[in-house]
Number of protein chains: 2
Amino acid sequence: MPVTAQPPSGGAQLLDRTVILLDLVADGGVEGLSLKDLAARSGLNTATCHRILNTLVGHKLLARDDKKRRYRLGARMAIYGVRAARGPGIISRCEIALSRLRRRTGDTTHLMARFNHDSVCLDRRDGECIVPTLTGSIGGFVPLGVGPGSIAMLAFLDEDEQDYIIRANLGRYASYRNLTEDKVRQLIADTRRRGYAVDMGELIPGIAGVGLPIMKPGEKPGAALSFTLLCAKLTPGVFERYGALLKEEIDAIVGQ
Amino acid sequence: MPVTAQPPSGGAQLLDRTVILLDLVADGGVEGLSLKDLAARSGLNTATCHRILNTLVGHKLLARDDKKRRYRLGARMAIYGVRAARGPGIISRCEIALSRLRRRTGDTTHLMARFNHDSVCLDRRDGECIVPTLTGSIGGFVPLGVGPGSIAMLAFLDEDEQDYIIRANLGRYASYRNLTEDKVRQLIADTRRRGYAVDMGELIPGIAGVGLPIMKPGEKPGAALSFTLLCAKLTPGVFERYGALLKEEIDAIVGQ
DNA sequence: CACAAAATCTCACATTATGAAAAAAGAGGT
DNA sequence: ACCTCTTTTTTCATAATGTGAGATTTTGTG
């Protein structure tokens, strides 16, 4: 689950390389990555990596475990993060809604956001039952089109953009259960007709989901709220009910 | 409330300059900052700023309001942020504790962390009464020594480091009510004796606070939990009770 | 519409980053 | 304790990269 591939850029090689390294470190997780790993994965010269990483550590954008010499994201990054995320951003605008949805249903709720060809989990509230999800916990990525929140966003983009994204993600769908380009297009059609996205345990056996995009009138969806629940708990009308709950919260969020 | 002054660094000028700009943008808040502002405040050449900012926007580390041409923190930053913050980091380890403290008392709780000569608010739960705080909301800074959480951390550093920090912050204390170097030293002494930090409305009239550092045995405090409450609500023994609540939660956090 | 201010682009220049290679510091293994 | 292999850190000649004054374009304003 890479943060993302490196996009092209405009005139600062060192920064491009820095971003490549930051992405790798961000994916390095708990244990962190060694210089050698980072050099290998980035394809950059070891000395260059070393210089960049050292500077980043100096600025606390990265932290280094001096014992094991591994790099992970640093304190300044966390600060930039809380400022970027809380702020007037989507995360803070959805905090209450997420908690309320969780409370009213007892099920796990997610806030997903669109990022290039992927969707990221920006926030979640765990339900009474622990359910496995494809994004894992907060910060996890999934190709756009995988999972209810993700499909919900994709479904309400305009067709050109959908095509573009689906084509860009083609090779990646195969690694998910029951997922093909056709299936994604089918799900999009269903979602548009129904108004909300539904997953009845197709992606992960036994795990269902409902998703609805957050979009201002006339704008493209940039985020979505979704539920994840056990198929065993499904009762007639849950999807409709959950869809309505999501709609209610999202209307309030968008209305602000 | 600057993120921080630029520390010296080791061998990548462009990155140093980038961090200067990122700090400025991070402080730019909701409205964001224009190229001209950023160039002026950073002291960098306009063209250089422009190039760096463009590249950062290309990588979505920054976002630019195309209408008003202002820069603010971008989506990738938010993602790095959630990964840095959630992760095994202090924020996720304190989430439950913060909520529980809030629930058991009804008062506002804060998670503060040490960052250079400052303390940052990394997380908070708002209490029943809206109380004004010096850090404002999440992401806000305050010099180490200002406020109960901040004093709690400072008090349990070793004396050399305390001195160093107090001296570094000397010029900044004057802008807070009733605060001088001597007062800070007094508060440190009180805190060490008492075991937890207390503010009885000295900094902001009518607003009291209790703070306790999060520290593993033998290590320096890197963070603190604190309460903020209205002086009007003070009853005999609240400070002791709140101190005990904080201790209980922190013991559990440290014990993991 | 004209004027001013800000943003963006250009390009000759040299400062800065580069990376191969050497040196140093760790990690094992016997 | 000693030697060997691996990983990290430093060095330094080279040139590629970033620099910034200024020209140009775009935007905002009276």
Side-chain angles (χ1 to χ4, degrees), chain A residues 6-74 76, chain B residues 6-74 76:
Chain A
Q6 67 267 33
S9 129
Q13 190 193 63
L14 182 58
L15 275 183
D16 295 341
R17 295 178 164 187
T18 300
V19 174
I20 293 175
L21 289 174
L22 286 175
D23 276 359
L24 288 171
V25 174
D27 282 334
V30 183
E31 298 122 48
L33 294 169
S34 68
L35 174 63
K36 196 201 166 205
D37 285 346
L38 288 166
R41 297 198 199 187
S42 65
L44 299 173
N45 178 288
T46 312
T48 304
C49 283
H50 187 253
R51 209 162 346 102
I52 295 175
L53 292 169
N54 253 2
T55 309
L56 292 174
V57 170
H59 288 295
K60 304 202 186 192
L61 283 170
L62 298 183
R64 198 181 67 154
D65 183 336
D66 282 318
K67 196 84 190 164
K68 299 243 66 182
R69 282 135 174 241
R70 315 211 104 142
Y71 297 89
R72 54 193 167 67
L73 295 178
R76 186 185 239 105
Chain B
Q6 66 266 36
S9 133
Q13 189 193 65
L14 183 59
L15 274 184
D16 295 341
R17 294 177 165 189
T18 299
V19 174
I20 294 176
L21 288 175
L22 286 175
D23 276 0
L24 288 171
V25 174
D27 281 334
V30 183
E31 299 122 45
L33 294 169
S34 68
L35 174 63
K36 196 201 168 205
D37 285 345
L38 288 167
R41 297 198 200 187
S42 65
L44 298 173
N45 179 289
T46 313
T48 303
C49 282
H50 187 252
R51 209 163 347 101
I52 294 175
L53 293 169
N54 253 3
T55 310
L56 292 173
V57 169
H59 289 294
K60 303 204 187 190
L61 283 170
L62 297 183
R64 199 182 66 151
D65 184 337
D66 282 318
K67 196 82 191 166
K68 297 242 69 183
R69 281 130 176 248
R70 314 211 104 142
Y71 297 90
R72 55 194 166 67
L73 295 178
R76 186 184 239 103

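Quick note on labels: first sequence line is chain A, next is B, and so on, each numbered from 1. Quick caveat: nothing in here was measured; it's all calculated off a predicted structure.
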Please figure out whether A:Leu14 or A:Ser34 has its closest DNA chain D nucleotide nearer the 5' end. A:Ser34
Return the value, rounded to whole Å, for the distance between atom CZ of B:Arg64 and atom C1' of C:dA6. 12 Å
Which whole-number value in Å describes the distance from A:Leu35 CG to C:dA24 C1'? 14 Å
Inter-residue atom distance B:Leu73.CG - B:Leu61.CG, 0.5 Å rounding: 9.0 Å
Heavy atoms only: give me the nearest B:Val25-B:Tyr71 pair and the separation to one decimal. CG1-O, 3.7 Å
Whole angstroms only, please: what is the CG-P distance between A:Leu56 and C:dA17? 13 Å
Nearest-angstrom distance from the residue atom CG of A:Leu33 to P of D:dT7: 14 Å
Flag the pair B:Arg70 / B:Asp37 as yes when at least one side-chain heavy-atom distance between them is below 4.5 Å, and no otherwise. yes
Keeping the roles fixed (side chain from A:Arg69, backbone from A:Leu35), state whether a donor-acceptor pair exists under 3.5 Å. no
Please give, in whole Å, the distance from C:dA25 C1' to A:Arg69 CZ? 6 Å
Would you mind reading off the bend of the helix from C:dC1-D:dG30 to C:dT30-D:dA1 from its two end axes, five pairs each, to 10 degrees? 60°
Using whole Å, report how far CG of B:Asp37 lies from P of C:dA5. 15 Å
Can you name the nearest heavy-atom pair linking B:Cys49 to B:Ser42, along with the distance? SG-OG, 3.7 Å
Look for any protein N or O under 3.5 Å of an N or O in nucleotides 20-22 of chain D and output each such pair with its distance, or none.
residue: D:dG20; atom: OP2; partner: B:Arg17; partner atom: NH1; Å: 3.4
residue: D:dG20; atom: OP2; partner: B:Thr48; partner atom: OG1; Å: 2.9
residue: D:dG20; atom: N7; partner: B:Arg51; partner atom: NH2; Å: 3.4
residue: D:dA21; atom: OP2; partner: B:Asn45; partner atom: ND2; Å: 3.1

According to a strict under-4.0 Å criterion, is B:His50 in side-chain N/O contact with OP1 or OP2 of C:dA7? no
Compare all side-chain heavy atoms of A:Arg41 with those of A:Leu33 and state whether any distance is below 4.5 angstrom. yes
Would you say A:Gln13 places a side-chain N or O within less than 4.0 Å of OP1 or OP2 belonging to C:dT16? no
Please report the distance, rounded to the nearest Å, between CD1 in B:Ile52 and P in C:dA7. 16 Å
Can you confirm whether B:Val19 sits close enough to B:Asp23 that some side-chain heavy atom of one is under 4.5 Å from a side-chain heavy atom of the other? yes
Report yes if the side chains of B:Thr48 and B:Leu14 come closer than 4.5 Å at any heavy-atom pair, otherwise no. no
What are the two closest non-hydrogen atoms of B:Leu21 and B:Ile52, and how far apart are they? CD1-CG2, 3.7 Å
When the distance from CG of A:Leu15 to P of C:dA17 is rounded to whole Å, what number comes out? 11 Å
